[in-house]
2 protein chains.
Amino acid sequence: MDRVDTRGALLDHATRLVRTRGYAAFSYADLAAAVGIRKASVHHHFATKELLGVELVSRYTERFQARLADIDHHATDPVDALHRYAALYREGLSTGEACLCGVIAAEVAAVPPAVAAGVADFFHLNRTWLTTVIESGKHSGVLNPSQPPPAHAATFLSTMQGATLIARAHNDPPTFTITTTTAIAMLTTDPGPSLP
Amino acid sequence: MDRVDTRGALLDHATRLVRTRGYAAFSYADLAAAVGIRKASVHHHFATKELLGVELVSRYTERFQARLADIDHHATDPVDALHRYAALYREGLSTGEACLCGVIAAEVAAVPPAVAAGVADFFHLNRTWLTTVIESGKHSGVLNPSQPPPAHAATFLSTMQGATLIARAHNDPPTFTITTTTAIAMLTTDPGPSLP
DNA sequence: CTGCGTCTACCTACTAGTAGATAGGGACAG
DNA sequence: CTGTCCCTATCTACTAGTAGGTAGACGCAG
């Protein structure tokens, strides 16, 4: 059969399930029902939940990376890039979806080590990209980081991840926007060491 | 019976389990084994998992609130208060424990509504307390928020929550400290509107 | 006719939750 | 002081349902 792309549909629905419910709280039965096939058929495509989890994270990371490349191509300056970056997290919020890796990070002790490693890679990738953006903003003068760019990158990433979870808990996307706008404003207006 | 405080021991162990594994990924069997009684005896103290979850969140919130009151009493100034606030999150990190409410927020769609409501209350409480601290720091001049204090409070809370999850995913508490120190530094050195 | 995708049917282990028995302690009546 | 009654805490043994995973058969396309 495979008239449409069953494997892709499984990955799509599994991604949505994990991003809303978490890794431990979604099952092959949920996934089979969502896609419209039997549980055993899911196992045909992904023999174990761990294998599915690893692919989920790596596909998510690849797609996220592609979005970062888009930002690199289209952003007018580093400030615009940070706003576009925040918009990536905001996208899923309207349907109750938080960042796949942020969700899995919350239950890191309950997921297979290979899945946890993929999540750590995702965070590392994001910190690296943000460091580059902040550095270029510093050099061009549109950003005024008072601390080393890697420290600001870690902080900005943390803010995005936390803001996503908190805004979703309140079902309140506007608060997410206020939070991210504030985080970006703090990077633009900071002149360095405090004035005498 | 009840020679020692069984109920308290159950709450202690359940808190630890949720903070490391998440809500969905811990079971009454785990909890019973951890405390050293049978599963049915856990049900004697907490009839349903939802009841246990609600009490877990409310007890955590009460204790957190008490810690905030301690900070109010002992902090030398608002900057010190923010450092002490960050230390609250850092405490659990050495044993792999993230904020109970941050963890549950990640799987909010998979927990009973009453539990999710408790988590939302926790976040609200924290935003309110942080707003007060930032306002007093603004008035005394040790903090220089460029945005309204409530916006900074939401941002700072998001940063703490995100930093906890990310630092734990990397098993890297030093990164947590860098992140929180940076977040506080950004509040102290920001002079307001950007310079011409 | 081979092989892929799907199915039915099943497995074992575990889930939350229940039923009913047992043990000990405290209150109180005689 | 003793016997009875109730309450709390625990236990063993169970339920129905779900978890992830497996075996083997069917049908269809190349």
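Residue pairs meeting the side-chain hydrogen bond (donor to acceptor under 3.5 Å, both in side chains) criterion with at least one member in residues 121-130 of chain A, sequence neighbours excluded: A/Asp72-A/Trp129, A/Tyr85-A/Asn126.
One finds a side-chain N or O of B/His45 lying less than 4.0 angstrom from the OP1 or OP2 phosphate oxygen of D/dT10. Listed pair B/Thr6 / D/dT10 meets the phosphate criterion, a side-chain N or O lying under 4.0 Å from OP1 or OP2. Applying the 4.0 Å criterion to OP1 and OP2 of D/dG21, one finds that A/His44 has every side-chain N and O outside that range.
Residues from residues 20-35 of chain A that place a heavy atom under 4.0 Å from any atom of DNA chain C: there are none.
Summarising the geometry, the separation between CG on A/Leu51 and P on D/dG21 is reported as 9 Å, rounded to the nearest angstrom. B/His43 places its NE2 atom 9 Å from the C1' atom of C/dT18, with the value rounded to the nearest Å. Between the C1' atom of D/dT8 and the CD1 atom of B/Ile37 lies a distance of 13 Å, rounded to the nearest Å. Summarising the geometry, the separation between CZ on B/Arg38 and C1' on D/dT8 is reported as 19 Å, rounded to the nearest angstrom.
For C/dG17, the base has no donor-acceptor partner in the side chain of B/Lys49 [N/O atoms by modelled type, under 3.5 angstrom].
Residues passing the ring pair (Phe, Tyr, Trp, His ring centres under 6.0 Å) test with A/Phe122 are A/Tyr60, A/Phe64, sequence neighbours excluded. Partners of A/His83 under the side-chain contact (heavy atoms from CB on, under 4.5 Å) rule, at least two apart in sequence or in another chain, are A/Val79, A/Ile184. Scored by the ring pair (Phe, Tyr, Trp, His ring centres under 6.0 Å) test, A/His170 finds no partners at all (sequence neighbours excluded).
The listed nucleotides are C/dC7, D/dG21, D/dC11; the one nearest the side chain of B/Ser41 is D/dC11. For B/Ala40, taking side-chain heavy atoms from C-beta onward, the closest of the listed nucleotides C/dG17, D/dC11, D/dG21 is D/dC11.
The hydrophobic cluster containing A/Leu165 also includes B/Leu165, under a criterion of side-chain heavy atoms closer than 4.5 Å among ILVMFWY residues, counted directly or through chains of members.
Nearest-nucleotide assignment on DNA chain D puts the 5′-proximal partner with B/Lys39, out of A/Glu50 and B/Lys39.
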Go through the steps for A/Phe176 and A/Arg168 under the test side-chain contact (heavy atoms from CB on, under 4.5 Å), then give the verdict. CA-CA 9 Å; A/Phe176 178 83; A/Arg168 190 181 57 166; over 6 Å; no
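We find that B/Arg16 and B/Glu97 are joined by a salt bridge, their nearest charged nitrogen and carboxylate oxygen being less than 4.0 Å apart.
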